[in-house]
Amino acid sequence: MNTIRRALGIIWILLGPAAAIFMFVQAADKISASNQRIEQAVDELARSTAEAAKLNIQLQWGIIIGIFLPIAFGLIIFGYYSLKGEYDREIE
Amino acid sequence: MKSNEDKPSSIYQVIGASSVGTLIEWYDFYIFGSLATLISKQFFPEEQGTAALLSTLAIFAAGFIVRPFGALVFGRLGDLLGRKFTFLLTLVLMGGSTFAIGLVPGYKTIGVAAPLIVLFLRLVQGLALGGEYGGAATYVAEHAPAKRRGYFTSWIQTTATLGLFLSLGVILFTRNQLGIDQFNDWGWRVPFWVSILLVIVSIYIRMKMSESPLFAKLKKEGKTSKNPLKESFSHKANLKMVLLALFGAVMGQGVIWYTGQFYAQSFIENTCKVDFEQSRTIILWAIVLGTPFFILFGALSDRIGRKWIMMLGMLLGILSYRSIYQKFIDYTNPALKSKELVLEESGVRSVMAIPDTKSNQKLFIVSKKDTSYSDGAVFKYTTTDTLYLAEPLNLSADKSAQVVFACTTLGADSGSLPTYYTMKSQATEALQNAKVDTLNLLVNYQGEKTAIGVEKKVGKDTFWTMIFLVFIQIVYVTMVYGPIAAFLVELFPTRIRYTSMSLPYHVGNGVFGGLVPFLSTLIIEYTKSPAMPNGSPLAGLWYPIGIASVCLVIGALYLTNHIDEDVMDDENEYIHN
């Protein structure tokens with residue numbers, strides 16, 4: 001079991017940055033879509049609504065990424081500890 | 001600890017004082033969420049950019065940033081000054097801020113100050129909640145006899161679900177007593193005001209309680225931590241336990257908790273279109289039936305260990321969520337209802353034109369029809385077509401009423417009920433004949449601008465079947481959540497317990513759990529296609545299933561099932577195994 005725990009450490013180390021990259025890509029995708037909506041706005045009202053929506057999306061994703069990055073970093077540390085055998089046990 | 005075993009009545013006082021306060025804190029936190037739509041209209045009008053932005057902050061920041069931050073702030077205080085003082089403070093902050101939200105004048109009265117004040121109060125709520133749970137769980141666990149810690153802390157575990165129950169119950173009761181219009185106007189404030197009464201009672205009870213015996217002993221011996229934050233997160237032995245607790249237990253617990261209750265309610269109401277009252281009643285019944293299982297699994301964890309009960313709860317969720325939610329869809333899908341069940345199908349009951357108040361360049365033509373079934377189900381359909389006008393309508397109140405009247409009377413005069421399309425063209429003709437001001441209609445009905453709203457009331461059998469399906473999910477919640485307080489308490493040493501267990505709990509519950517609606521909606525968006533314009537409704541479940549799966553693997557492989565009988569130790573429990 002200890003060998004499996006250590007081997008999985010690599011997965012957790014990789015999963016941290018993968019999750020962070022996924023979040024960044026999602027944020028970029030959503031913000032770019034909100035830019036498109038501003039460009040496609042037909043009148044002033046639609047434009048101001050689209051601009052407010054863009055600001056909202058930026059804020060939402062800013063908060064999510066801000067809180068998610070330390071968690072992703074935590075997963076990397078968890079993986080590192082696993083790999084180093086910190087979670088090994090003598091009694092199974 | 002034996003002294004506690006000799007005095008069973010004192011532990012029940014401890015549980016009562018802790019649980020009532022924690023329940024009220026959850027109640028306070030949830031009434032804001034349950035009334036989010038109404039609160040938005042009062043404080044965060046969409047057309048006001050800044051106010052809408054503050055709304056986002058209130059929703060996202062309170063759950064994701066402030067709760068974990070509150071865990072750190074109050075966890076530190078709890079490890080430095082004591083459990084009793086700290087969770088009294090969180091109760092006062094929570095109760096005070098909730099009551100104050102009920103007093104804040106709306107946006108129309110004091111402008112942008114209204115959303116700013118509400119945002120501030122919401123952040124205080126999040127902060128207080130972050131500090132409350134760890135304190136209450138620690139307080140009870142440190143009073144509890146070693147072999148019954150799971151059982152006694154499981155009472156604290158019922159409070160989050162019962163807080164949701166109480167908030168839904170008070171909202172439904174107030175709404176039914178006042179009527180929908182009065183409730184929407186001012187009655188929504190009542191649940192916030194109710195909070196202050198509950199908090200005063202709870203503070204009175206908590207004031208009478210003494211400090212946790214384990215913390216008091218440490219303090220007497222001068223062994224309390226000087227810097228709990230540093231000890232919790234910079235010492236490898238503790239940090240690795242914090243990470244294990246988060247990724248191996250609380251992360252999965254958070255998504256199972258949110259999916260089984262909030263996502264279920266949102267899915268039944270928004271995807272299955274079951275009406276406001278019935279969707280909430282389904283959740284209320286499921287909670288009533290499911291809550292005793294918190295105690296059952298808490299007690300069981302004292303006998304067979306915490307780990308496998310929590311892991312089984314996650315596994316069952318992973319395996320069954322998609323079929324349970326598919327059942328919700330099937331039970332409310334009119335296409336799957338036998339034609340023989342149809343009792344009465346009305347034609348279009350009424351058609352009414354409503355001028356758009358925002359741009360004055362649109363008219364909404366709204367029509368309604370019902371279908372009743374012999375199993376008691378009634379499905380109501382509201383179709384809204386948007387008419388685009390060449391020039392803005394500048395209607396006086398009288399003229400506006402004329403337009404509405406011109407269209408509304410069509411249904412009443414028509415004798416036998418005409419088809420929707422006949423009525424729509426008659427409505428258009430009436431509008432053209434009305435020649436109201438500069439009413440120069442484009443009469444441009446665009447198919448894609450037609451919105452169909454459905455409100456379903458399910459039959460008695462379906463109602464109880466849906467309660468059973470939510471109940472099953474709540475049983476999963478009780479499996480992952482019932483034993484977790486004892487598990488967390490046993491994982492960390494007394495001197496830094498409040499800080500160490502509060503942070504992973506609020507990250508797991510607040511962030512991973514709190515993101516369920518947001519990320520599920522995001523995943524559904526990816527499944528949208530011309531063939532499926534609304535996306536696959538079940539796709540959103542991949543987020544909780546994915547997180548619970550990772551947590552299950554980590555928990556199954558890395559956690560120990562050992563029950564730590566001596567929580568007075570100075571080291572974490574894992575080291576001894």
Side-chain angles (χ1 to χ4, degrees), chain A residues 1-9 11-12 15-16 19 22-23 26-27 29-30 33 42-68 70-82 84-92, chain B residues 46-57 59-69 233 236-237 239-244 246-248 251 358-359 361 503-504 507-508 510-512 514-515 518-519 522-523 525-526 546-547 550 553-554 556-562 574-577:
Chain A
M1 278 304 239
N2 284 340
T3 315
I4 298 172
R5 285 188 194 107
R6 287 184 181 216
L8 279 173
I11 305 281
W12 314 132
L15 203 57
F22 174 77
M23 286 291 181
Q26 291 306 313
D29 190 35
K30 293 292 154 195
V42 286
D43 56 28
E44 201 48 47
L45 183 77
R47 190 177 181 78
S48 68
T49 309
E51 278 171 354
K54 182 191 168 185
L55 207 59
N56 248 322
I57 287 166
Q58 285 174 330
L59 186 66
Q60 283 175 8
W61 281 99
I63 292 171
I64 288 172
I65 288 175
I67 195 75
F68 214 85
I71 295 173
F73 186 64
L75 193 55
I76 297 171
I77 298 174
F78 175 74
Y80 176 75
Y81 284 161
S82 306
K84 289 284 167 192
E86 291 287 343
Y87 295 107
D88 285 0
R89 289 206 298 270
E90 287 170 21
I91 307 164
E92 290 296 344
Chain B
E46 267 179 38
E47 59 271 25
Q48 305 297 331
T50 316
L53 205 64
L54 292 171
S55 165
T56 307
L57 266 177
I59 293 162
F60 276 73
F64 304 150
I65 299 175
V66 178
R67 264 178 75 177
F69 188 66
F233 307 117
K236 191 169 76 179
L239 177 63
K240 74 178 190 185
M241 287 302 107
V242 171
L243 293 172
L244 183 61
L246 173 61
F247 297 120
M251 173 173 88
K358 282 185 191 169
S359 69
Q361 214 157 348
L503 186 73
V507 172
V511 178
F512 283 98
L515 277 173
F518 184 82
L519 289 179
L522 187 77
I523 295 169
E525 270 186 44
Y526 280 99
I547 294 291
V550 172
V553 172
I554 294 177
L557 287 172
Y558 292 82
L559 292 182
T560 168
N561 196 38
H562 176 78
Y574 200 88
I575 289 167
H576 302 293
N577 298 282

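In what follows, chains carry the letters A, B, and so on, assigned in the order in which the sequence lines appear, proteins first and then strands, with residues in each chain numbered from 1.
The choice from A:G66, A:P70, A:G74 that makes the most heavy-atom pairs within less than 4.5 Å of chain B is A:G74. When A:I77, A:I11, A:L75, A:L15 are compared by the number of non-hydrogen pairs under 4.5 Å with chain B, A:L75 comes out ahead.
Counting non-hydrogen atoms of other residues, nucleotides and ligands closer than 6.0 Å to CZ of B:F233 gives a total above 12.
Between A:D88 and A:R5, no side-chain nitrogen of the basic residue sits less than 4.0 Å from a carboxylate oxygen of the acidic one, so the salt-bridge criterion is not met.
At a 4.5 Å heavy-atom cutoff, the contact between A:Y81 and chain B is made by side-chain atoms alone. In this structure, chain A has a heavy atom under 4.5 Å from the side chain of B:Y526, while its backbone stays farther away. Only the side chain of B:V553 comes within less than 4.5 Å of a heavy atom in chain A; its backbone stays farther off.
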(request) Would you check, one step at a time, whether the test ring-ring contact (aromatic ring centres under 6.0 Å, His included) holds for A:W61 with B:F518? (result) CA-CA 11 Å; A:W61 281 99; B:F518 184 82; 5.5 Å; yes

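The CD atom of A:E86 lies 12.0 Å from the CG atom of B:L244; values are rounded to the nearest 0.5 Å.
Within the 4.5 Å cutoff, the side chain of B:L246 has no heavy atoms near those of the A:F78 side chain.
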